[in-house]
Peer 1: 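Before anything else, here's the structure in question.
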Amino acid sequence: MATKNAEAIAAANKKYEWGFATDIEQDFAPKGLSEDTVRYISAKKGEPEWMLDWRLKAYRMWLELEAPDWAKLNVPPIDYQDAYYYAEPKVKPTLASLDELDPEIRRTYEKLGIPIEEQKVLAGVEGARKVAVDAVFDSVSVATTFRKELEAAGVIFRSISEAIREYPDLVRRWLGKVVPQRDNYFATLNSAVFSDGTFVYIPEGVRCPMELSTYFRINAENTGQFERTLIVADKGSYVSYLEGCTAPMRDENQLHAAVVELVALDDAEIKYSTVQNWYPGDENGLGGIYNFVTKRALCQGRNSKVSWTQVETGSAVTWKYPSCVLAGDGSVGEFYSVAVTNNLQQADTGTKMIHLGKNTRSTIVSKGISAGRSDNTYRGLVRVAPTAESVRNFTQCDSLLLGDQCGAHTVPYIEVRNPTATIEHEATTSKISDDQMFYATQRGLDQEAAVALIVNGFAREVLQQLPMEFAVEAQKLLGISLEGSVG
Amino acid sequence: MLEINNLHAEVDGKPILNGLSLSVNAGEVHAIMGPNGAGKSTLAYVLGGRPGYDVTGGSVTLDGADLLEMEPHERAAAGLFLGFQYPVEIPGVSNVQFLREAANAQRAARGEPALSGADFLRLAKAQAEGLSMSMDMMKRPVNVGFSGGEKKRAEMVQMGILDPKLAILDETDSGLDIDALRIVGDGIERIMRKPDRAVILITHYQRLLDHVRPDQVHILSAGRIVRSGGPELAHALEREGYAALGLEDARS
Amino acid sequence: MTLTLPSAREEAWRWTDLSGLPAIVAAVPDAGRDALALAAMPAAIASERTDTRLLFVDGVLHSSSTPGRVRLSAVDARTDHALGRHATADGWTLDLAPGQIANVEVVHVATGAASHVPAHVILAPDAVASVTETFVGDGWTNRFFRAELGKGARLMRAVRLLHASGFQSLRDEALLGEGASLVATVLGAGEGSSRVDALVTIAGEQAFAEYGGAMLARGEQRHEAAAVVRHAAPHGQSHQSWRAVADDRAVASLAARVEVARHAQKTDGIQSLKGLLLKRTATVNIKPELEIFADDVKCAHGATVGELDRQSLFYLASRGVDPARARAILTRAFVADALDRIGEEAVRDAFVADADRWLDA
C-alpha cells in the first residue's frame with residue numbers, strides 16, 4: 001500500500017477545473033504602489049475626501065511596517081511594485097441582475113459552477129432558495145441581484161464603493177473599527193488600496209430574507225485583489241453570508257489580501273461561510289494565489305453571535321485566522337474549518353477567540369487534511385481576559401495525513417486570566433487506515449471514491465455547518481482537491 | 001461459480017495457504033471450519049483482494065473470470081461480498097451514504113443505472129427491517145459506536161442492499177447472542193438461499209450452521225482443505241473437537 | 001560577559017519575563033556563602049541509594065561534596081539555546097560504562113548572584129542513572145544539562161526548584177538511543193521565577209521518554225516550562241504531562257511540543273497539559289503543539305484550564321472539611337499525578353512534601 005501511495009503521489013497532477021482566463025478588456029491602474037496609485041483608485045471610484053484621506057493614512061502606515069515573518073510558511077519575498085493594484089472590466093456594468101452581465105463574464109461564472117442556485121433562482125425555479133449575489137470580478141463589483149427585495153426589508157447589500165457614496169455615515173462609523181488600519185501588514189495594505197468588496201447592513205430586528213452571497217474571482221494577470229467586506233448586523237438581526245473564491249490558472253503568484261469586518265450588536269447573529277478554491281499552483285508549486293486575509297468579527301452586543309465556517313482547498317499559500325472579539329456579555333463565537341492541502345500548498349489557518357465579556361462562549365472545530373508534499377498548520381489563540389467571568393471554550397483540532405511526504409501541525413495558544421473559565425482543548429492526528437480503505441473498496445468503491453468518502457466523514461462536523469447547497473459543493477471540492485493523493 | 005485451484009498465499013513472507021482447492025456451485029452453501037491459525041480469515045482476505053495478502057500460486061475464478069487480476073472494488077462489482085470478522089468504523093460517514101455510494105459505484109461498473117435517493121432509501125429500509133435494524137441506526141456513522149452484534153447485523157444489511165452473487169462470511173457468528181444469531185442466520189437464508197447465489201461460511205463453531213444449513217462442510221488445516229463432507233462433519237467436529245480429528249490449533 | 005537575552009517578541013519567549021536578570025548578573029555574591037551552604041544541606045534528600053553528592057554554591061563545588069563517579073572539570077557539551085549557551089564554566093560529567101549504575105544528588109545554592117553550570121551525563125548501553133537536583137537560595141542559577149543515552153540505557157531525572165527569590169533557568173537536552181528510557185520530572189515549588197526548557201530527541205528505535213512536572217506559582221512569580229520531544233526514529237513513545245497552578249498575580253505557562261520526523265513512523269506521542277487558576281488575578285498560559293511529518297503515528301493532546309471543581313469543593317465541605325483545606329486537598333490531587341511518575345520512593349516523597357508545603361503555606 002505504501003509504495004502504491006508513493007506512486008500515486010508522484011503521479012498527482014490535479015487539473016484545476018476552474019483554470020481559464022476570461023478575455024475581456026480591463027482597465028488597469030499603473031503598475032506598482034505609490035501614493036499616486038492610492039489616489040488613482042480613490043478617484044476611479046469617485047470617493048469622498050475622507051475616504052481618500054483614510055486610504056493615504058493607511059498607505060503611510062504601511063510604508064513603516066515590515067512584512068511578517070512566516071511562522072510555518074515558506075514564502076519568497078513579494079515585489080509589491082511588480083503588481084497592478086486595480087483592474088476593472090472595461091464594460092462597466094451596473095446591473096439589476098446577472099442576466100444583463102457581459103456574456104463573457106457570465107460564461108466565466110458558469111464555468112466556475114457559481115450559478116448553482118442563483119441560476120435556478122434567476123430562472124424562477126419554484127421553491128429554489130433565494131440567494132442574493134454580489135460578484136466581485138477582479139476589483140469591481142459587477143452585480144447585485146435581488147436588490148429590491150432586500151431593500152423592502154431594509155437590508156443594504158451593496159458593493160463597498162457604492163456604499164461609501166450612498167451610505168457614507170454608516171460606512172465611516174464602522175470601517176476599520178474591527179480591523180484597524182494598522183492591524184497588520186496586509187490589512188494596512190488593503191486599507192490603502194482596497195478596490196472593491198461588499199457592504200451589508202441588516203437593520204434592527206430584521207432577519208435577512210435570503211442568503212447573501214459574493215463570489216470573488218481573480219482574473220487579470222498580476223493583479224492583487226484587495227477586497228474589503230463590512231457587515232453590520234444591528235440589534236436582533238440575522239444574516240447568513242456566503243463567500244466563494246476562485247482564480248484562473250496563472251504561472252505567476254497573485255496576491256490576495258482581503259479584509260473582512262463583521263459587527264454584531266445586541267442579540268444579532270452573523271453566519272459567515274467561505275469556500276475558497278483559489279488556484280493552488282501546479283504539482284511543482286508553480287503559480288497559485290497567496291491568500292493573506294484578515295477576517296475578524298466584533299461581537300459587540302449582548303448575546304450576539306458570529307459563526308465562521310470555512311472550507312479552504314485552494315491557494316498556494318493561505319494565511320488566515322477568522323477571529324471573534326467577544327466583547328458583549330453572553331456573546332458566542334464559533335469557528336468551523338476544513339483546510340485541505342495537496343502538492344506543495346501551504347496553509348496556516350486558525351482562529352482567535354478573544355473573550356472579554358461575561359458568560360461568553362466559543363467553539364473551535366478544525367479539520368486539517370494534508371496530502372502530497374504540503375504543509376497544513378492550525379494556529380489559534382483562546383484568550384480569556386480578567387473581566388470575562390464564566391467563559392467556556394471547547395476546541396477540537398484533528399489532522400488527517402494522506403501519504404508520508406506531508407506535514408500536519410497544531411499550534412494552539414491558550415491564555416487564561418480568569419479562574420472561572422472552563423477551557424478544553426483536544427487534538428488528534430490520524431491517517432486513513434488500511435482497514436478502512438480495504439473495507440470501502442471491498443464494498444465496491446474505487447480508491448479515490450473511498451478516500452473522498454472517508455475524508456468527507458472526517459470533515460463532517462464542519463461541512464454540516466454550511467448551508468445546504470454550499471455543503472454539496474464543498475464535498476465535491478474535497479474529493480477533487482485530493483485527486484491523485486492516494487492510490 | 002467459484003473455482004479455487006491449488007491456491008498458495010503468504011502474508012509478510014510467511015506461507016499461510018498451501019495449495020487450497022475448492023469448488024462452489026451456484027445455489028450452494030459451504031462451511032469452512034478449522035482450528036485457529038488454519039488460514040480461514042486469510043482465505044477470505046485473499047479472495048477479497050486485501051493488500052498485503054500475496055498470492056504466490058494457483059488460480060481463482062468467479063463465473064469464469066480471473067478474480068486475482070481484479071482490484072478489490074472490481075471484485076465487489078463482480079458480485080463478491082466479504083462479511084468482515086471485525087467490521088471497520090468509518091467516522092462521519094453514515095451507513096446510508098456509504099451504501100448508496102457503494103451500490104451505485106457497483107451498478108456503474110456493471111453498466112446499470114444509479115439508484116435514485118428514494119429507491120435506495122426504500123431498499124435500505126426493507127433490508128434493515130429484515131435484520132431488525134432501525135433506520136436511525138442506518139443514519140449513524142458506519143459501525144461507529146455499534147456493539148459487536150450490531151456490527152454483524154449491519155454487515156448483513158449491507159449484504160442485502162449490495163445483493164452479491166457470492167458472500168464470504170468470516171466468523172459472522174462471533175459476538176452474537178442467541179437471538180441475534182437467529183436474526184443473522186435467517187437473514188443469510190433470506191438474502192442468499194437462491195439458485196443463482198452462493199455462500200461460504202467461515203466459522204469456528206457449529207452453532208451458526210444450525211440456522212444456515214450447509215450443503216458441504218470443509219475442514220481447513222495448515223492452509224489446505226484436509227477433509228470435506230456433509231453437515232454431519234460439522235456435528236462430528238462439535239462433538240469430538242479438532243484434536244480427535246488429529247488437528248491442533250496452529251497457534252497453540 | 002555580555003549578556004544577550006531573548007526578547008518577548010520572539011514566539012518561544014512571549015510569556016517569559018527576563019527583565020530582572022541583568023540586575024542579578026551585576027550583583028555581588030553574599031560574603032557569608034559558606035554558612036549559607038551549610039544551612040542548605042537539609043534541602044538534600046540524602047536517599048540511602050545515593051552514591052554521589054554534589055553541593056554547588058554559586059556554581060562552585062563545595063568541599064563537603066562526595067563526587068563518587070562524577071568528574072568535575074570543563075564539560076564537553078554545547079548548546080545553541082538562548083540561555084543554556086551561557087553555561088560555559090566548569091561543571092560535572094557522569095560517564096557510565098555499560099551496565100553501570102549511579103545515583104547522583106546535586107544541590108545548588110545561590111547567594112544572590114548569577115551562576116552558570118553545565119552538566120553532561122553519558123550512559124553507555126544498559127547503564128542506569130538517577131540524577132536528582134535541588135535548587136535553593138537567591139539569584140539567577142542557570143544550568144545546562146545534556147544527557148546521551150546508549151542502547152537500553154535508563155535515566156531517571158528529578159528536579160526541584162525551591163529557590164527563595166530570583167530566577168532559575170534550566171536547559172535540558174537528551175538524546176535517546178535504541179530502547180533507551182528517560183523519565184524526567186520537574187517541580188517548581190519555590191518563590192522565585194523560572195524557565196525550564198527541554199529538548200528530548202528520540203534518536204533510536206523504540207525509545208521511551210516521559211517529560212513533565214508541576215509548576216506552582218504565586219505572588220508575582222512567573223514559571224514557564226517549554227518542552228519539546230523530537231521523534232527522529234520509528235516506534236518511539238513519549239508522554240508529556242504537565243500541571244500548572246497559578247495563584248495571586250502569578251503567571252504559570254506550559255508549552256509542550258511533539259515533533260515527528262518524516263521517517264519516525266509508529267510514533268506514539270501523548271501530551272496532557274492542565275492549568276488551574278486559584279485567583280482571579282492569576283494567569284495560566286498553555287500551548288500544546290504538534291508538528292507531524294509522518295502519517296502512521298498516534299499523536300494526541302489534551303489541554304484544560306479552569307478552577308477547582310465547585311461540586312467537589314461542596315462535597316468536601318458537606319463532609320466537614322473547611323474551605324481552605326478542601327482547596328488544598330483538591331489542588332494536591334490536581335498536582336499529584338504529575339509527581340507520581342518519580343520512581344524512587346524517597347525522592348517522590350520529598351517532592352510531594354515540597355508540593356504540600358507550597359500548598360499549605
Side-chain angles (χ1 to χ4, degrees), chain A residues 1-8 311 336 338 365-369 396 398-400 426 428-466 468 471-472 474-476 478-479 486-487, chain B residues 44-53 70-110 112 140-144 151 154-155 157-159 161-164 167-168 170:
Chain A
M1 186 100 176
T3 46
K4 250 185 154 182
N5 285 358
E7 282 164 24
V311 176
Y336 297 95
V338 177
V365 178
S366 165
K367 305 278 182 177
I369 299 148
Q396 175 78 45
D398 296 325
S399 303
L400 187 68
E426 289 171 16
T428 65
T429 300
S430 58
K431 64 169 204 161
I432 295 179
S433 74
D434 294 351
D435 280 346
Q436 286 175 325
M437 280 304 285
F438 180 57
Y439 192 66
T441 52
Q442 206 297 311
R443 294 299 182 253
L445 299 174
D446 64 21
Q447 299 250 346
E448 271 179 1
V451 169
L453 188 76
I454 294 167
V455 165
N456 271 298
F458 172 77
R460 184 189 173 93
E461 272 172 280
V462 174
L463 296 178
Q464 68 191 16
Q465 296 294 327
L466 289 170
M468 181 78 87
V472 173
Q475 279 189 19
K476 283 191 211 143
L478 289 189
V486 172
Chain B
Y45 285 145
V46 166
L47 295 178
R50 180 166 194 146
Y53 287 72
M70 299 181 206
E71 294 292 318
H73 68 278
E74 293 166 346
R75 300 182 193 202
L80 184 144
F81 177 88
L82 187 54
F84 284 61
Q85 185 179 359
Y86 304 106
V88 179
E89 298 182 3
I90 307 182
V93 178
S94 73
N95 284 290
V96 168
Q97 184 188 1
F98 177 61
L99 288 167
R100 188 173 170 205
E101 285 212 27
N104 282 336
Q106 291 194 23
R107 295 174 74 91
R110 294 192 293 258
E112 297 163 16
R140 281 170 36 191
V142 178
N143 292 319
V144 176
K151 284 181 181 173
E155 290 286 282
V157 175
Q158 293 192 11
M159 183 171 75
I161 290 170
L162 297 174
D163 194 21
I168 300 159
D170 187 7

Peer 1: CZ of B:F84 to CG of A:D435: how many Å apart, nearest 0.5 Å?
Peer 2: 8.0 Å

Peer 1: If you measure from CD on B:E89 to CD on A:Q436, what distance do you get to the nearest 0.5 Å?
Peer 2: 8.5 Å

Peer 1: Under a plain distance cut-off of 3.5 Å, with no hydrogens placed, do B:N143 and A:Y439 share a side-chain donor-acceptor pair?
Peer 2: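 Indeed, the side chains of A:Y439 and B:N143 share at least one donor-acceptor pair under 3.5 Å.
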
Peer 1: With a 4.5 Å cut-off on heavy-atom pairs, point out which of B:A76, B:G52, B:P87 contacts chain A the most.
Peer 2: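 Top option by heavy-atom pairs under 4.5 Å: B:A76.
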
Peer 1: Measuring from A:L445:CG to B:H73:NE2, what's the distance to the nearest 0.5 Å?
Peer 2: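 Here the rounded value is 9.0 Å.
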
Peer 1: Which one of B:I90, B:L80, B:V93, B:L82 has the most heavy-atom pairs closer than 4.5 Å to chain A?
Peer 2: B:L82

Peer 1: Measure distances from B:Y86 to the heavy atoms of chain A and classify the residue's part below 4.5 Å as side chain, backbone, both or neither.
Peer 2: neither

Peer 1: Can you tell which part of A:A459 gets under 4.5 Å to a heavy atom of chain B, answering side chain, backbone, both or neither?
Peer 2: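 Interface part for A:A459: neither.
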
Peer 1: What are the two closest non-hydrogen atoms of A:G444 and B:A105, and how far apart are they?
Peer 2: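 Scanning both residues, the minimum pair turns out to be O-CB, 3.5 Å.
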
Peer 1: Which atom pair, heavy atoms only, marks the closest approach of B:P72 to A:F438?
Peer 2: CB-CE1, 4.3 Å

Peer 1: Under 3.5 Å, is there a donor-acceptor pair between the side chain of A:R443 and the main chain of B:Q106?
Peer 2: no

Peer 1: What residue pairs, at least two apart or across chains, pass side-chain hydrogen bond (donor to acceptor under 3.5 Å, both in side chains) with a residue in residues 91-104 of chain B?
Peer 2: none

Peer 1: From A:D434 CG over to B:R50 CZ, what is the distance, rounded to the nearest 0.5 angstrom?
Peer 2: 7.0 Å

Peer 1: Just so I understand: if I count every heavy-atom pair under 4.5 Å between each of A:R460, A:Q442, A:E461 and chain B, which residue has the most?
Peer 2: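 The residue among A:R460, A:Q442, A:E461 with the greatest pair count is A:Q442.
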
